[in-house]
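Note that the coordinates shown come from a computational prediction; the quantities given were computed from them, not determined experimentally. Sequence lines set the chain letters: A, B, ... in the order given, protein chains first and strands last, and positions in each chain run from 1.
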Protein chains: 2
Amino acid sequence: MDQPSLKAVLGQAQAFFSSKGLRFTKQREAVTTLIFRTQEHFRPEELCERLRKSDSSASRATIYRTILHLVESGMLREISLGGGERLYDPNFLKSPHHNHLVCVDCRKIVEFEDPNLDIMQNCITRRMGFSPTEKALRIEGRCDMLRLLGTCKNFNAAGKKGQRDKASKG
Amino acid sequence: MDQPSLKAVLGQAQAFFSSKGLRFTKQREAVTTLIFRTQEHFRPEELCERLRKSDSSASRATIYRTILHLVESGMLREISLGGGERLYDPNFLKSPHHNHLVCVDCRKIVEFEDPNLDIMQNCITRRMGFSPTEKALRIEGRCDMLRLLGTCKNFNAAGKKGQRDKASKG
DNA sequence: GGCAAAATGATATTGCGTCTCAATCTCGCG
DNA sequence: CGCGAGATTGAGACGCAATATCATTTTGCC
């Protein structure tokens, strides 16, 4: 699937909830919609704020609970940037094997796929006595090049500590 | 360097501090010693507790500050397991290129090195417009095999939230 | 000794996430 | 329709890690 429509995603969510004997309530639908409409990585608190600004609403507790459910359903995944930050990634539906490259300076995240890396990752995992999961791999780097090209404007939301004003422009 | 002696490590730390016009105080030495004596990954709060139990002492604030300094010096690195946990790794002095394999179930961490992976990692990093750093790469997996061998006893401390009682066995 | 800068530690504060629990909603049933 | 069980919600309390504040202490230096 290349770019599942929001409608399809909502259907999938609904199916998951009802398969668990849970209800796909107004609030859950609002949260799910918000998550999968923009398809951006997000922090839970961020999502709370976005939802507060929108017309629909749900309490923090409900938002957190819905996120957990969606993770359990496999539609959403937690990714970690380091720094103790918790991020969620709604893009595994469209590219189930992608990995993340994270800039150690500005926390920018780029997604990529690489079949060879997948193979090597599997080998290593097994070699060390682990079994591979569908879960992602994370590489850290520095997005200098991107920055040179002036692409590093569109960060990953953040807006907190990741801000280094020294890196202005080329 | 294969296994730098504690004395050498302390010397290095001292050098770093004085190069910055900072003092290598009793407290900082105590913290540094505690970190590099066992060479285990640790959580800051864990370290506080360990230090409290020892004969020497330092306040939480000082411990956190010292950790930051050591990270800045390059002697210590932050690694992330996901789940919003922040861990520090004192082992980059002896193996500067190692990576981490993390069990998604029990949070066990295994260190490994793989030159081929390093190469591929560099390629990908550059391809995506990033420049490689000395920083590590993290792979997630499931330590079933290890567990079969009964090796998974010696976790990585944890003992808190990682515990899913519902997911007992497959 | 005495000063200025650095360091410390007790405490307050923040941020994020979880838990609790009473009130509300929904569904199926008679 | 009215009922009851169970699911859901939301407000707020709570816990924990980490940071910030600031008065006090220590240190290096003259």
Side-chain angles (χ1 to χ4, degrees), chain A residues 13-14 16-32 41-52 56-72 76 78-88 107 157-163, chain B residues 13-14 16-32 41-52 54 56-72 76 78-88 107 157-166:
Chain A
Q14 175 148 36
F16 170 76
F17 278 102
S18 70
S19 81
K20 290 277 180 175
L22 304 173
R23 297 170 194 147
F24 195 54
T25 61
K26 237 176 174 36
Q27 289 91 336
R28 285 175 179 164
E29 182 177 340
V31 174
T32 307
H41 303 157
F42 65 90
R43 263 177 285 276
E45 292 294 321
E46 217 172 79
L47 194 67
C48 292
E49 182 142 2
R50 274 206 274 151
L51 194 63
R52 222 174 299 126
S56 34
S57 90
S59 69
R60 258 170 32 101
T62 297
I63 294 174
Y64 274 93
R65 282 185 290 234
T66 305
I67 289 176
L68 284 189
H69 283 130
L70 290 174
V71 168
E72 200 193 336
L76 190 60
E78 186 188 311
I79 59 178
S80 58
L81 276 73
E85 281 191 293
R86 199 174 300 194
L87 241 67
Y88 291 90
R107 293 278 161 85
K160 281 191 309 183
K161 39 199 165 184
Q163 266 30 344
Chain B
Q14 175 149 37
F16 169 77
F17 278 102
S18 69
S19 80
K20 289 278 182 178
L22 304 172
R23 300 168 193 149
F24 196 54
T25 61
K26 239 176 170 36
Q27 289 92 336
R28 284 174 180 166
E29 183 178 340
V31 174
T32 307
H41 302 158
F42 64 91
R43 265 176 283 274
E45 291 295 320
E46 216 172 80
L47 194 67
C48 293
E49 182 143 2
R50 274 206 275 150
L51 193 63
R52 222 175 297 127
S54 79
S56 33
S57 88
S59 70
R60 260 168 34 98
T62 298
I63 294 174
Y64 274 93
R65 281 184 291 232
T66 304
I67 289 175
L68 284 190
H69 283 130
L70 290 174
V71 168
E72 199 193 337
L76 190 62
E78 187 187 311
I79 59 178
S80 58
L81 276 74
E85 279 192 295
R86 199 175 299 195
L87 241 66
Y88 291 90
R107 294 279 161 84
K160 280 193 311 183
K161 41 197 163 184
Q163 265 36 337
R164 311 286 156 83
D165 35 8
K166 55 177 176 183

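Contact detail for B:Val31 and B:Ala58: the closest heavy-atom pair is CG2-CB, 4.3 Å.
Rounded to whole Å, atom P of D:dT25 lies 14 Å from atom CD of B:Gln27. Atom CD of A:Glu29 and atom C1' of D:dA7 are 18 Å apart (whole Å). A:Arg86 places its CZ atom 13 Å from the P atom of D:dA17, with the value rounded to the nearest Å. At whole-Å resolution of the value, CG in A:Leu87 and C1' in C:dG15 are 15 Å apart. Look at CG on A:Leu22: it is 14 Å from C1' on C:dC27, rounded to the nearest Å. One atom, CG of B:Leu68, and another, P of D:dA20, lie 10 Å apart when rounded to the nearest Å. Between the CZ atom of B:Phe42 and the P atom of D:dA18 there is a distance of 11 Å, given to the nearest Å. Between the OH atom of A:Tyr64 and the C1' atom of D:dT8 there is a distance of 19 Å, rounded to whole Å.
Taking every side-chain heavy atom of A:Thr25 into account, D:dT8 is the closest of C:dT8, D:dT8, D:dA17. Side-chain atoms of B:Arg23 lie closest to D:dT26 of the nucleotides D:dG10, D:dA18, D:dT26.
Closest-nucleotide positions on DNA chain C for B:Ser59 and B:Gly21 were compared, and the one nearer the 5' end corresponds to B:Gly21. Both A:Glu45 and B:Arg28 lie close to DNA chain C; mapped to their nearest nucleotides by heavy-atom distance, the more 5′-ward contact belongs to B:Arg28.
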Evaluate the side-chain contact (heavy atoms from CB on, under 4.5 Å) criterion for residues A:Cys48 and A:Arg52: first the C-alpha distance (whole Å), next the side-chain angles of each, then the deciding distance (0.1 Å), finally the verdict. CA-CA 6 Å; A:Cys48 292; A:Arg52 222 174 299 126; 3.8 Å; yes
Audit row: B:Ile67, B:Leu47, side-chain contact (heavy atoms from CB on, under 4.5 Å) steps and yes/no: CA-CA 10 Å; B:Ile67 289 175; B:Leu47 194 67; 4.1 Å; yes
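Between the side chain of B:Arg60 and the base of D:dA18, at least one donor-acceptor pair of N or O atoms lies under 3.5 Å. For A:Arg65 and C:dG17, a side-chain-to-base donor-acceptor distance below 3.5 Å is absent, hydrogens and geometry of angles not being considered.
Ring geometry for A:Phe24 versus A:Phe17: interplanar angle of 30 to 60°, hence tilted.
Checking side-chain atoms of B:Arg28 against main-chain N and O of B:Arg23 turns up a donor-acceptor pair under 3.5 Å.
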